[in-house]
Amino acid sequence: MINHKKVVAVLPAYNAEKTLRQTVQEIPATVDNCILVDDHSTDSTVELAQRLGLQVHVHEQNRGYGGNQKTCYAAALKAGADIVVMLHPDYQYSPRLVEPMASMIAFGIYDMVLGSRILGGDALRGGMPRHKYVANRVLTLIQNVALGAKLSEYHTGFRAYSREMLLSLPLQANSDDFVFDNQLLAQCIYLGARIGEVSCPTRYFPEASSINFRRSTIYGFGVLKTTADCMAARLGLYRKPIFDFPPLQLKLQSFSVSHSFKEVQ
């Protein structure tokens, strides 16, 4: 626990056998529970996770990255988590940063914290492919301008959320594919959530997960569509289900955001 708040780490896994042990060994002791959701892996991820003492949920068929996260968050909230940290089990992100990220939420500073690969300026030296770095920067610039935010990146898979943040989002309406992450972040920005960032070292190596060029292109167009949908919801032009929110658990920080949100409910 941190500041009397229960911290749960969720690991969305697919063929993570080679890196899972190293990832789990570096998760701080302040994490109360670790939940791994296996998305129908073809290796021994499930067996290893059970030997490591993780709480394991197994998908009988592959549901995609977003579908995996939906199970992750539902399981964490059911387990009584006050803070949920999503950590990839492929060791691309540093598990040791789970504690500082969770602490920023536990002490009421932020509602959501991102582990940014860009803040430290070492993304390329850490092995991020140049084309992915360029795409990251271009898409981030577009979204910052369009959504009025000032984030260093929108595409990290290392994130921490308060319980209230997750309960305030229509997660089931989001995509089951990779754009799930971007939709969730756009939802948080729309609500006026307090979003923090910490610098996270970049690790790219053969065992780390990575999507191919075709999937990256699909993701990029999905990001642009999410941005357009968010702007349309703000302007009252149309409202997609991903911006149709359930009763809020989150305490909105901005009067103007809170007022406009109540108007569209």
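As the structure is a computational prediction, the values presented were derived from the model and not from experiment. Worth knowing before you read on, the calculation uses all heavy atoms, side chains too, and leaves out hydrogens, waters and symmetry mates.
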Inset, instruction - Can you see which heavy atom on G222 is nearest to which on V179, and at what distance? - result: C-CG2, 3.6 Å

Legend entry - Closest approach of M231 to A146 (non-hydrogen atoms, all atoms of both residues): SD-CB, 3.5 Å

Legend entry - Side-chain donor or acceptor of K5 paired with backbone N/O of A106 under 3.5 Å: no

Inset, instruction - Using atom types as modelled and distance alone, determine if a side-chain donor or acceptor of R96 lies under 3.5 Å from a backbone N or O of E26. - result: no

Legend entry - Approximate separation, where rounding is to 0.5 Å, of K70 NZ and H59 NE2: 10.5 Å

Legend entry - Nearest atoms (heavy-atom pairs only) where C72 meets V10: O-CG1, 3.6 Å

Inset, instruction - Flag the pair D90 and K18 as a salt bridge only when some basic side-chain nitrogen lies within less than 4.0 angstrom of an acidic carboxylate oxygen. - result: no

Inset, instruction - Spell out, as yes or no, whether a donor-acceptor pair under 3.5 Å connects the side chain of N62 to the backbone of H40. - result: no

Legend entry - Inter-residue atom distance Q92.CD - L87.CG, 0.5 Å rounding: 10.5 Å

Legend entry - Shortest non-hydrogen separation from S44 to E17 and the atoms involved: N-OE1, 3.4 Å

Legend entry - G64 backbone acceptor or donor facing D39 side chain under 3.5 Å: yes

Inset, instruction - Using side chain to side chain contact (heavy atoms under 4.5 Å, CB included) as the criterion, list what pairs up with Y110, not counting sequence neighbours. - result: M104, V113, R194

Legend entry - Test log, rule side chain to side chain donor-acceptor pair (under 3.5 Å), inputs D177 and S175: CA-CA 5 Å; D177 209 341; S175 170; 5.4 Å; no

Inset, instruction - Verify whether one side chain among Q55 and H57 offers a donor that lies under 3.5 Å from an acceptor in the other. - result: yes

Legend entry - D82 vs I2 side-chain heavy atoms within contact, under 4.5 Å: no

Legend entry - Considering all heavy atoms, the nearest T202-A123 contact: OG1-CA, 3.5 Å

Inset, instruction - Please answer: with hydrophobic residues joined when any side-chain heavy atoms are less than 4.5 Å apart, are L224 and L141 in the same cluster? - result: no

Inset, instruction - For F221, look at atom CZ and say whether over 12 heavy atoms of other residues, nucleotides or ligands are found less than 6.0 Å away. - result: no

Legend entry - Side chains of T19 and Q22 in contact at under 4.5 Å (non-hydrogen atoms): no

Inset, instruction - With side-chain contact (heavy atoms from CB on, under 4.5 Å) as the test, would you mind laying out the steps for V37 and L11 before giving the verdict? - result: CA-CA 6 Å; V37 177; L11 290 76; over 6 Å; no

Inset, instruction - Look only at the side chain of K6 and the backbone of A79, and say whether a donor-acceptor pair between them is shorter than 3.5 Å. - result: yes

Inset, instruction - Spell out, yes or no, whether V223 and V134 are grouped together once hydrophobic residues are joined by side-chain heavy atoms under 4.5 Å, including indirect joins. - result: yes

Inset, instruction - Return yes if some donor-acceptor pair links the side-chain N/O of S168 with the main-chain N/O of Q249 below 3.5 Å, else return no. - result: yes

Legend entry - Heavy-atom pair of closest approach, residues D43 and A16: OD2-N, 3.5 Å

Inset, instruction - Keeping the roles fixed (side chain from T30, backbone from E99), state whether a donor-acceptor pair exists under 3.5 Å. - result: no

Legend entry - Atom NE2 of H4: over 12 foreign heavy atoms under 6.0 Å: no

Inset, instruction - State, with a plain yes or no, whether a side-chain heavy atom of I189 is found less than 4.5 Å away from one of L151. - result: yes

Inset, instruction - Mind checking the CZ-CG spacing from R63 to D176? Nearest 0.5 Å is all I need. - result: 8.5 Å

Inset, instruction - Could you point out which residue of V84, L191, I105 forms a side-chain contact (heavy atoms from CB on, under 4.5 Å) with M165? - result: L191

Inset, instruction - Taking the side chain as every heavy atom from C-beta outward, state whether S162 and I83 have any atom pair closer than 4.5 Å. - result: no

Inset, instruction - State whether the side chain of D122 and the backbone N or O of R125 hold a donor-acceptor pair below 3.5 Å, judged by distance alone. - result: no

Legend entry - In one Ile/Leu/Val/Met/Phe/Trp/Tyr side-chain cluster, 4.5 Å: Y238, L235: yes

Inset, instruction - Indicate, with yes or no, if the rings of Y14 and Y65 have centres closer together than 6.0 Å. - result: no

Inset, instruction - Group every Ile, Leu, Val, Met, Phe, Trp and Tyr by side-chain heavy-atom contacts under 4.5 Å, then state whether L77 and V8 land in the same group. - result: yes

Legend entry - Min side-chain heavy-atom separation P170-P241 under 4.5 Å: no

Inset, instruction - For the pair H88 and Y93, name the ring-plane relationship: parallel under 30°, tilted 30 to 60°, perpendicular over 60°. - result: perpendicular

Inset, instruction - Let me see the working for D229 and Q183 under side chain to side chain donor-acceptor pair (under 3.5 Å), right down to the final yes or no. - result: CA-CA 10 Å; D229 290 342; Q183 291 175 333; over 6 Å; no

Inset, instruction - Could you tell me whether a side-chain N or O of T23 sits under 3.5 Å from a main-chain N or O of P89, the two making a donor and an acceptor? - result: yes

Legend entry - Short side-chain donor-acceptor distance under 3.5 Å, D181 and Q69: yes

Inset, instruction - Would you check if L169 and L250 make a side-chain contact, meaning some heavy-atom pair closer than 4.5 Å? - result: no

Inset, instruction - Report yes if the side chains of V98 and M101 come closer than 4.5 Å at any heavy-atom pair, otherwise no. - result: no

Inset, instruction - List the steps, then state whether side-chain contact (heavy atoms from CB on, under 4.5 Å) holds for M86 with F158. - result: CA-CA 6 Å; M86 194 261 285; F158 192 13; over 6 Å; no

Legend entry - Residue pair K225 / K240, side-chain heavy-atom distance below 4.5 Å: yes

Inset, instruction - Would you mind listing every side chain to side chain donor-acceptor pair (under 3.5 Å) that reaches into residues 141-161, with sequence neighbours excluded? - result: S116-S152, R117-E153, N136-E153, Q143-N182, Q143-T227, N144-Y154, S152-E197, H155-Y219

Inset, instruction - Any chance you could lay out the side-chain contact (heavy atoms from CB on, under 4.5 Å) test for Y91 and L20, step after step, and finish with the verdict? - result: CA-CA 7 Å; Y91 202 61; L20 179 58; over 6 Å; no

Legend entry - Same apolar cluster (I L V M F W Y, side chains within < 4.5 Å links), L185/I218: no

Inset, instruction - Output, in order, the C-alpha distance, side-chain angles, deciding distance and verdict of side-chain contact (heavy atoms from CB on, under 4.5 Å) for L54 and V24. - result: CA-CA 9 Å; L54 306 184; V24 172; 4.0 Å; yes

Inset, instruction - With side chain to side chain donor-acceptor pair (under 3.5 Å) as the test, would you mind laying out the steps for S41 and D38 before giving the verdict? - result: CA-CA 6 Å; S41 293; D38 181 80; 2.4 Å; yes

Inset, instruction - Verify, without hydrogens or angle tests, whether D111 (side chain) and A193 (backbone) share a donor-acceptor contact under 3.5 angstrom. - result: no

Legend entry - Interatomic distance, L52 atom CG to E47 atom CD [nearest 0.5 angstrom]: 11.5 Å

Inset, instruction - Report the distance from atom OH of Y190 to atom CD1 of I242, rounding to the nearest 0.5 Å. - result: 11.0 Å

Legend entry - Atom pair SG/CG of C188 and L114 - distance to nearest 0.5 Å: 8.5 Å

